[in-house]
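This report refers to the structure that appears directly beneath it.
Residue numbers start from 1 in every chain, and the chains themselves are labelled A, B, ... in the order their sequence lines are given, proteins ahead of strands. Everything quoted here is computed from the prediction, not taken from an experiment.
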Number of protein chains: 2
Amino acid sequence: MPDGIERSLLAAIVEGRLAPGAQLSEAQLAEAFGVSRTLVREALARLQARHVVAVRPRRGWFVARPDSDEAAQVFAARRAVEHGFLATARPFDAEQVARLEAHLAEERDAIAQGDKPRLTYLMGDFHARIVALSGNEPLTEIMRNLTARTILISLCRQSSDDALASHRDHVRIVGAIASGDMALAARLSVEHLDAVEAGLGRDTAPDPLAALRDTLRLDPAPDGAASPLAPSPH
Amino acid sequence: MPDGIERSLLAAIVEGRLAPGAQLSEAQLAEAFGVSRTLVREALARLQARHVVAVRPRRGWFVARPDSDEAAQVFAARRAVEHGFLATARPFDAEQVARLEAHLAEERDAIAQGDKPRLTYLMGDFHARIVALSGNEPLTEIMRNLTARTILISLCRQSSDDALASHRDHVRIVGAIASGDMALAARLSVEHLDAVEAGLGRDTAPDPLAALRDTLRLDPAPDGAASPLAPSPH
DNA sequence: AATGCAGGCCTTGCATGCAAGACTGATCGA
DNA sequence: TCGATCAGTCTTGCATGCAAGGCCTGCATT
């Protein structure tokens, strides 16, 4: 169902080639893909439904920049979905476990080769693949969306980038699944997500005024019409 | 984000005014809503992304008719999401519980008044509202989609229509939540979904030949190229 | 030098036009 | 009477055209 345009854009975004906040011009994309604006608009609309891009009326399309609230909610949603899936899933058979271990090998390779974009993708996709192996399409789609948003979240923040720690967590989760202890796998997944979320830094460039505000040591305006004449604490 | 057209269509579908399998003409909808086909197409595309309508190329748009496989997967997804949400959620406070009890009162009213469409909506929305009360938007959106698809599923089947049994399950779930026993609520939710799924009848009109086959007392063809000349068991 | 203002350029929003596939029904032939 | 073919009509698919809103730049003014 997703056409090539949606796929290309999504790939470019989750691989970091299109940074959060980047503007996407319908006309430019149309020319780049060799189609009319109509198809580009449809692809963008689908990505908007997935919270991957956002449109500002008459302004343009932009790669989404999830704020802290949204980030927290996405992580909470992932905890719920991943825990629920593992807690209600039947134990995996040998072939499914083998595929997970193959994925772990991929992660190892990416780490060894220092292939950062690929690693980012793999770390997120690990969780989606677990669900995908169950064959449940609705849940897989849900997980793919949530992991895409998670990638966007970490791209917006100075992630502490402990890929090795995450990889170790993944190994442990696969171990639990392989031993048939789905409840343990569920618990480990939640802890893993907690760890990843805790490792997220502050929002990078929350808005263009942040640097200025920081320089001037002004507090963020409590609401719309706040003191432009606040006494400077020198 | 969802415009009025998408909302109207979705409402008409989940309330049963637009039956599963019904065709939706872009031109007719455009005229009905007083807009051009463009906006109708965008709304339909969004509903397609939510698996509520489907398009057959050059044929037309149709209200989705989930098959048994999809139905099973949607129920499995709901089990995972609802269980995971309750198992990872913090206990509800008094106001949240009060809102759930208000919902139960609505269900009671609808049952008392025999308001079938409203009841169908309320029974599905109960689960979405539990999640909505947590304030988690991504998860709420996920649940709303899954419940909409669930409604579509029961509309396709001769549901055994034990609204009272479902209501009793809901009362029990709210009771568990009220007592702070989220693990119990999670377990009850999964059992409730199992019961609802088990109560689903066979697919109504799996294909246009079903009625004929039933009338003639023919067995369903075992596979594609099966006996059009089977001896009639008179 | 700083500020207000206007013209132009950029963007999307939406309608419309045209082409092509798929089904329907009628007509023609055997 | 049955079957096949072909025109007509319906549908979507996609491109394009036009209008309207927001922003940026350059100029005039103070």
Side-chain angles (χ1 to χ4, degrees), chain A residues 1-10 12-13 18-65 205 207-210 212 216 224 228-229 232, chain B residues 1-10 12-13 18-65 205 207-209 211-212 224 228-229:
Chain A
M1 184 199 319
D3 60 7
I5 299 173
E6 182 179 1
R7 269 238 266 273
S8 295
L9 283 174
L10 183 59
I13 290 171
L18 240 35
Q23 183 163 5
L24 304 166
S25 157
E26 291 182 4
Q28 285 178 19
L29 291 174
E31 192 182 351
F33 285 108
V35 297
S36 79
R37 281 177 49 215
T38 305
L39 293 183
V40 172
R41 270 182 80 79
E42 287 179 5
L44 287 171
R46 278 191 292 269
L47 290 173
Q48 181 189 21
R50 299 169 68 175
H51 300 94
V52 167
V53 305
V55 62
R56 279 152 69 184
R58 308 273 182 194
R59 284 288 319 263
W61 297 87
F62 300 86
V63 179
R65 288 210 317 104
D207 68 349
L209 294 177
L212 180 61
L216 301 178
L229 296 178
S232 70
Chain B
M1 185 201 318
D3 60 6
I5 298 173
E6 181 180 1
R7 269 237 265 271
S8 294
L9 284 175
L10 183 59
I13 291 170
L18 239 35
Q23 184 162 5
L24 304 166
S25 157
E26 290 181 4
Q28 285 179 20
L29 291 173
E31 192 181 351
F33 285 108
V35 298
S36 79
R37 280 178 50 216
T38 305
L39 292 183
V40 172
R41 270 182 80 79
E42 286 179 6
L44 287 171
R46 277 191 292 269
L47 290 173
Q48 181 189 23
R50 298 169 70 175
H51 299 94
V52 167
V53 306
V55 61
R56 281 152 68 184
R58 307 275 182 194
R59 286 288 320 263
W61 297 87
F62 300 86
V63 179
R65 288 209 319 103
D207 68 348
L209 294 178
L212 179 61
L229 297 177

Closest non-hydrogen atom pair between A:Ile13 and A:Val63, with its separation: CG2-CG1, 3.9 Å

Residue pair A:Asp3 / A:Ala43: nearest heavy atoms and the distance that separates them: OD1-CB, 4.3 Å

Which residue lies more 5' along DNA chain C, comparing A:Trp61 with A:Thr38 via nearest heavy atoms: A:Trp61

Touch class at under 4.0 angstrom, heavy-atom based, for A:Leu24 against every strand present: sugar-phosphate

Sugar-phosphate only, base, or nothing, as touched by A:Arg56 at under 4.0 Å among non-hydrogen atoms: nothing

What is the distance, rounded to the nearest whole Å, between atom [atom1] of [X] and atom [atom2] of [N]?
X: A:Glu31; N: D:dT16; atom1: CD; atom2: C1'; answer: 15 Å
X: A:Leu39; N: D:dT12; atom1: CG; atom2: P; answer: 17 Å
X: A:Glu42; N: D:dA15; atom1: CD; atom2: P; answer: 10 Å
X: A:Phe33; N: D:dA15; atom1: CZ; atom2: P; answer: 13 Å
X: B:Arg59; N: D:dT9; atom1: CZ; atom2: P; answer: 19 Å
X: B:Glu26; N: D:dT9; atom1: CD; atom2: P; answer: 21 Å
X: B:Gln28; N: D:dT11; atom1: CD; atom2: C1'; answer: 11 Å

Basic-acidic side-chain contact under 4.0 Å: A:Glu42, B:Arg46: no

Under-4.0 Å side-chain N/O to phosphate OP1/OP2 contact, B:Ser36 with C:dA15: yes

Phosphate contact (C:dG13 OP1 or OP2) by A:Arg41 side-chain N/O below 4.0 Å: yes

Distance-only donor-acceptor test (3.5 Å): side chain A:Arg37, base D:dA15: no

Residue A:Arg58, side-chain atoms from C-beta onward, closest of D:dG22, D:dG13, C:dA22: D:dG22

Options C:dT12, D:dT11, C:dA22, nucleotide nearest the side-chain atoms of B:Gln23: D:dT11

B:Gln23 versus B:Trp61, side-chain donor and acceptor atoms under 3.5 Å: no

Matching residue for B:Leu44 among B:Glu6, B:Arg37, B:Glu26 - test: side-chain contact (heavy atoms from CB on, under 4.5 Å): B:Glu26

Residue mapping more 5' on DNA chain D - nearest nucleotide basis, B:Gly60 or A:Pro57: B:Gly60

